[in-house]
Amino acid sequence: MIEFVAETGSTNADLLARLSDGDRVAEGRWLVARRQSAGRGRQGRTWFDGSGNFMGSTVVHVGESDPPAQSLALLAGLAVYEAVLPLCPDPHSLRLKWPNDLLLGDAKLCGILLEGQGKAVVIGIGVNLAVAPDVPDRKTIALADVTAAPGVDEFAGSLARCFDRELERWRTFGLEPLIRRWRAAGTREGTSLAVHEPDGAIASGTFAGLDDQGNLLLRLEDGRLRAIHAGDVTLA
Ligand SMILES: O=C(O)CCCC[C@@H]1SC[C@@H]2NC(=O)N[C@@H]21
């Protein structure tokens, strides 16, 4: 079920508040805002409020036998990738960037923010359907820059279907096929990148894929391989 609201602060904050008020918020339920006055991005950044863009959140309740909760970042990325791919005039230009951005060419089209509350994970997704923000030092793009972009309602329906399908596969088949499919849709191996780690350190190297837990593998300049568990990646 998709609930549309004309305006709110942040759909992620709203679902977290409902969870802390004791509302279970069923899986498959989405809250989609036409405008957000306090959209949240990763690492404390704000998320641009673009009219005509998709801004919505859903919840996953992680069970005992589910794969690790952090792999939901990869799942969400793949769901958006699947929803956007049929709309792209040049499908090869659409690529996932670890952990959970979607790029069109070298510019950001979509961002995903996961916020946990107990065993529940709120997954917020922002897709620049109509308009891309102007962000200093970051390239951004909207789908409308390259094609006739769908409206928010239509896109919300197809994203919800893709997300449900990925969630079922994740529960049924586990991490291995998810990681394999993510790698096929992700940054090409050998691409130079810099990882801005949570402690402020910056590690440089080339992308060497993902390990079997979904961590980024960075090939360092001295040839060693390092698994990165968290960070912000920029492609060189
Ligand atoms: O920084 C990022 O790349 C993640 C951005 C996530 C934005 C979405 S828009 C819907 C949901 N509500 C929020 O406040 N943030 C997420």
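Every number for a ligand or one of its atoms is a count from 1 in the order of the listing.
Under the 4.0 Å criterion applied to side-chain N and carboxylate O atoms, Arg165 and Glu168 are not assigned as salt-bridge partners. The pair Asp49-Arg34 fails the salt-bridge criterion, with no side-chain N (NZ, NE, NH1 or NH2) lying under 4.0 Å from an Asp/Glu carboxylate O. Remark: Arg40 engages Glu115 in a salt bridge, criterion side-chain N to carboxylate O under 4.0 Å. Classification of Arg171 and Glu64 as a salt-bridged pair fails, no side-chain N sitting under 4.0 Å from a carboxylate O.
With sequence neighbours excluded, the residues forming a side chain to side chain donor-acceptor pair (under 3.5 Å) with Glu176 are Arg180, listed by chain and number. For Asp106, the salt bridge (Lys or Arg N to Asp or Glu O under 4.0 Å) criterion is met by Lys139, not counting sequence neighbours.
The protein non-hydrogen atom at the shortest distance from atom 1 (O) of ligand 1 is Arg42 N, 2.7 Å. Taking atom 3 (O) of ligand 1 as the reference point, the nearest protein heavy-atom neighbour is Lys108 NZ, 2.6 Å. Annotation: atom 5 (C) of ligand 1 to nearest protein heavy atom, Trp47 CE3, 3.3 Å. For atom 11 (C) of ligand 1, the closest heavy atom belonging to the protein is Thr11 OG1, 3.3 Å. Nearest non-hydrogen protein atom to atom 15 (N) of ligand 1 is Arg40 O, 2.7 Å.
Atoms of ligand 1 found under 4.0 Å from any heavy atom of Ser10, numbered from 1 in the order shown, are 12 (N), 13 (C), 14 (O). Heavy-atom proximity to Gly39, at under 4.0 Å, picks out these atoms of ligand 1: 14 (O). Every atom of ligand 1 with a heavy atom of Gly56 under 4.0 Å away is listed here by number and element: 10 (C). Against a heavy-atom cut-off of under 4.0 Å, Ile112 is close to the following atoms of ligand 1: 3 (O), 4 (C).
Not a single heavy atom of Arg45 sits under 4.0 Å from any atom of ligand 1.
The side-chain contact (heavy atoms from CB on, under 4.5 Å) test with His61 is passed by exactly one of Asp66, Val121, Leu19: Leu19.
Looking at Asn100 against ligand 1, nothing comes within 4.0 Å, counting heavy atoms.
Judged by distance alone, the side chain of Thr172 and the main-chain N or O of Arg169 form no donor-acceptor pair under 3.5 Å.
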